[in-house]
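What follows is one structure encoded as structure tokens, with my remarks underneath.
Just so it is clear, the values below take in all heavy atoms, side chains as well, and ignore hydrogens, waters and symmetry mates.
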Amino acid sequence: MTKQNKAYKFRLYPTDEQAFIIRKTFGCVRFVYNKMLAERIETYESLKEDKEALKKIKHPTPAKYKKEYEWLKEVDSLALANAQLNLDKAYKAFFKGSVKFPKFKRKRHKQSYTTNVVNGNIQLLDGHIKLPKLKMVKIKQHRKIPSEYKIKSCTLSMTASGKYFISILTEYEMEIERKEVEKVVGLDFAMDGLFVDSEGEKANYPKFYRQILEKLAKEQRKLSRKKKGSSNWNKQRIRVANIQEKVANQRKNFLHHQSKKLVANYDAVVIEDLDMKGMSQALKFGKSVADNGWGMFTSFLQYKLKEQGKQLIKIDKWFPSTQTCSHCGNTQLMPMNIRIYVCSCGLNLDRNYNSALNIKKEGIRLLASA
């Protein structure tokens, strides 16, 4: 038996008093994070030439600031402790060379905080959840968490439109048997429709963002004409945020359904290990890449496949799936404007379908050699 983690996200309906405490906690977490980061930057500047000395420095904890800023005692201490853990993680990642130096959190940064289970301080009850400093908060629990799942932590967040959510991280034990691979499918990323698979099927992503772009631009223009900070400005800001959240929810729902369908039908899914950020910048496809959510889709595929003992196979991003003939193996240059792959062997196929077939073949090869 191995331990697995699974998160469940639900809508929260706090009272005005509870909402005030939640927002106050967001601010305190941001304040403590920035204070600790400022001290680390000062230390880093003075000792950056001596990395070994830097690693041995004992950094401040949230407790240090509670003496000077007593209002920090009014919020969940575990939320402040997690701010320190997040900074520690970012700091260590920087020294490993995997990310840039941590940045200060701004007020417009994602509003959230994480708290942990300690001595029954978090409990799910009928229609409510007990949380530190908040007591009983109304929750819309649209699906049940199995009784054998143990709650580890909770992350509270607030959207730009003022809606509150909670993500409950659980831990459970499960024996996952690796499924024998019988059915394999290859997916080729398609800018305009998410993907084309090796069966010739298209995801036909509805382009939710593009659909709403005109309406969103109209509401954003209205927002720009209002006095920032005024009551009317805030109402219009919420209208804009609601439109953006609707698009995000539509996209997420579509991606969940597509990934669920693939996992139900195949034992292994093969994709290219693409750098989506690099693609959007180099090829100037920013909106298209952001709209279809390929990164989110592959994350959904990954965990859904893993839960069923199935596999997500990622092939090298430099593998010439687009340039190779899926019938005879010959290669040729394929500029972006050419949408049909025509080969001297007689093959005449949709560009993406041909690529998906090549991706599937390479995935099968990797499975056989594993």
Are Arg237 and Asn234 linked by a side-chain donor-acceptor pair shorter than 3.5 Å? yes
So does His128 have more than 12 non-hydrogen atoms from other groups sitting under 6.0 Å from NE2? yes
Should the heavy atoms of other residues, nucleotides or ligands under 6.0 Å from CZ of Arg178 be counted, would the total exceed 12? no
Please tell me whether Thr2 and Glu175 have a donor and an acceptor in their side chains that are separated by less than 3.5 angstrom. no
Distance only, no hydrogens: is a donor on one side chain within 3.5 Å (strictly under) of an acceptor on the other, for Gln323 and Gln332? no
Could you give me the CA-CA distance, side-chain angles and deciding distance for Tyr205 and Phe195, then say whether ring-ring contact (aromatic ring centres under 6.0 Å, His included) is met? CA-CA 8 Å; Tyr205 178 76; Phe195 67 78; over 10 Å; no
Could you tell me the separation between the CG atom of Leu85 and the CG atom of Leu80, rounded to the nearest 0.5 Å? 11.5 Å
Measuring from atom CG of Leu12 to atom NZ of Lys138, what distance do you get when rounded to the nearest 0.5 angstrom? 11.5 Å
Is the number of heavy atoms from other residues, nucleotides or ligands within 6.0 Å of CZ (Phe104) greater than 12? yes
Quick check on the hydrophobic clustering: are Ile151 and Ile139 connected, directly or via other members, by side-chain heavy-atom contacts under 4.5 Å? yes
State, without any angle test, whether Thr324 and Asn358 hold a side-chain donor-acceptor pair at a distance under 3.5 Å. no
Under a plain distance cut-off of 3.5 Å, with no hydrogens placed, do Lys202 and Tyr353 share a side-chain donor-acceptor pair? no
Is there a path from Leu156 to Met136 through hydrophobic residues (I, L, V, M, F, W, Y) whose side chains come within less than 4.5 Å of each other? no
Any donor-acceptor N or O pair under 3.5 Å, side chains Ser161, Lys163: yes
For Lys64, check salt bridge (charged side-chain N to carboxylate O under 4.0 Å, His left out) against everything at least two apart and list the hits. Glu39
Run the side chain to side chain donor-acceptor pair (under 3.5 Å) test against Ser326 and tell me which residues pass, sequence neighbours left out. Asn354
Kindly give the heavy-atom pair with the smallest separation between Phe254 and Ala203, and that separation in Å. CZ-O, 3.4 Å
